[in-house]
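The analysis underlying the following values was restricted to heavy atoms, covering all of them including side chains, and did not include hydrogens, waters or symmetry mates. Remember, predicted model here, so these are calculated numbers, not experimental data.
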Amino acid sequence: QVQLVESGGGSVQAGGSLRLSCAASKATICRFDMSWYRQAPGKEREVVAVIDRAQKTTYADSAKGRFTISLDNGKNTMSLQMNNLRPEDTAMYFCRYRRYCTFDTYNHWGQGTQVTVSS
């Protein structure tokens with residue numbers, strides 16, 4: 001019942017910035033967290049940043065000090081501000097939305113948005 005719409009990917013030079021967004025089609029009364037994952041060619045998908053309903057955030061070591069995750073627009077939209085981008089950040093970035101309800105847990109993925117960083 002929930003769809004995720006991602007935007008903001010693109011191609012930039014090293015040292016540049018991008019802002020990714022992920023909009024959920026509906027809100028929830030359940031506990032939830034939202035996160036960004038990325039996957040480079042030939043690599044496993046890895047978590048980049050996570051934010052929960054209380055806006056507690058966690059980051060991969062590679063993202064600390066450069067990336068900022070946030071909830072916007074009444075917590076229906078998640079954003080990832082990426083600064084000082086490096087070629088190693090090149091990957092497909094995916095939005096993940098998990099809801100922890102009383103009787104069920106739900107997991108939703110976005111379609112992905114490409115980020116390319118050139119040196």
For the residue pair [X] and [Y], what are the closest heavy atoms and their distance?
X     : Y      : answer
Ser35 : Met78  : O-CE, 3.3 Å
Arg53 : Ile29  : NH1-O, 3.7 Å
Glu6  : Gln111 : OE1-N, 3.1 Å
Pro87 : Ser119 : CG-CB, 3.9 Å
Val2  : Ala24  : CG1-CB, 4.5 Å
Ser62 : Arg38  : OG-NH2, 3.3 Å

Item checked: Spatial distance of atom CG (Leu85) from atom CZ (Phe67) [nearest 0.5 Å] ->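 Leu85 CG to Phe67 CZ: 5.0 Å, rounded to 0.5 Å.
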Next item on the list: Nearest 0.5 Å please: distance from the CZ atom of Arg31 over to the OG1 atom of Thr102.
Entry: 8.5 Å
Report whether [X] and [Y] are members of the same hydrophobic cluster (ILVMFWY, side-chain heavy atoms less than 4.5 Å apart, transitive linking).
X      : Y     : value
Tyr97  : Leu80 : yes
Met34  : Phe94 : no
Ile51  : Tyr59 : yes
Met92  : Ile69 : no
Trp109 : Val50 : yes

Next item on the list: Report, as yes or no, whether the 6.0 Å neighbourhood of atom CD on Glu44 holds more than 12 heavy atoms from other residues, nucleotides or ligands.
Entry: no
Next item on the list: Would you mind checking if Arg66 and Asp89 are paired as a salt bridge, meaning a charged N to carboxylate O distance below 4.0 Å?
Entry: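 Yes, Asp89 and Arg66 are salt-bridged.
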Answer yes or no: is there a side-chain heavy-atom contact under 4.5 Å between [X] and [Y]?
X     : Y      : value
Met82 : Trp36  : no
Phe32 : Leu71  : yes
Arg99 : His108 : yes

Checklist line | Evaluation steps, side chain to side chain contact (heavy atoms under 4.5 Å, CB included), between Thr105 and Arg98 | finding: CA-CA 7 Å; Thr105 299; Arg98 293 186 290 184; 5.6 Å; no
Note to self: Any side-chain to backbone donor/acceptor pair from Thr116 onto Ser11? Under 3.5 Å, distance only.
What the structure shows: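 Looks like no, no N/O pair under 3.5 Å.
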Check: Do Arg96 and Tyr37 get their side chains close enough for a donor-acceptor pair, meaning under 3.5 Å?
Finding: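 Note: Arg96 and Tyr37 side chains meet the donor-acceptor criterion.
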Checklist line | Asp72 and Ser79 side chains, donor-acceptor separation under 3.5 Å | finding: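 Yes, side-chain donor-acceptor contact under 3.5 Å.
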Only distances under 3.5 Å count here; give the side-chain donor-acceptor pairs of residues 13-20 to other protein atoms, sequence neighbours excluded, each with its distance to 0.1 Å.
{"residue": "Gln13", "atom": "NE2", "partner": "Ser118", "partner atom": "OG", "Å": "2.9"}
{"residue": "Ser17", "atom": "OG", "partner": "Asn83", "partner atom": "OD1", "Å": "2.9"}
{"residue": "Arg19", "atom": "NH1", "partner": "Gln81", "partner atom": "OE1", "Å": "3.3"}

Next item on the list: Could you give me the CA-CA distance, side-chain angles and deciding distance for Cys30 and Tyr106, then say whether side chain to side chain contact (heavy atoms under 4.5 Å, CB included) is met?
Entry: CA-CA 10 Å; Cys30 310; Tyr106 304 92; 5.9 Å; no
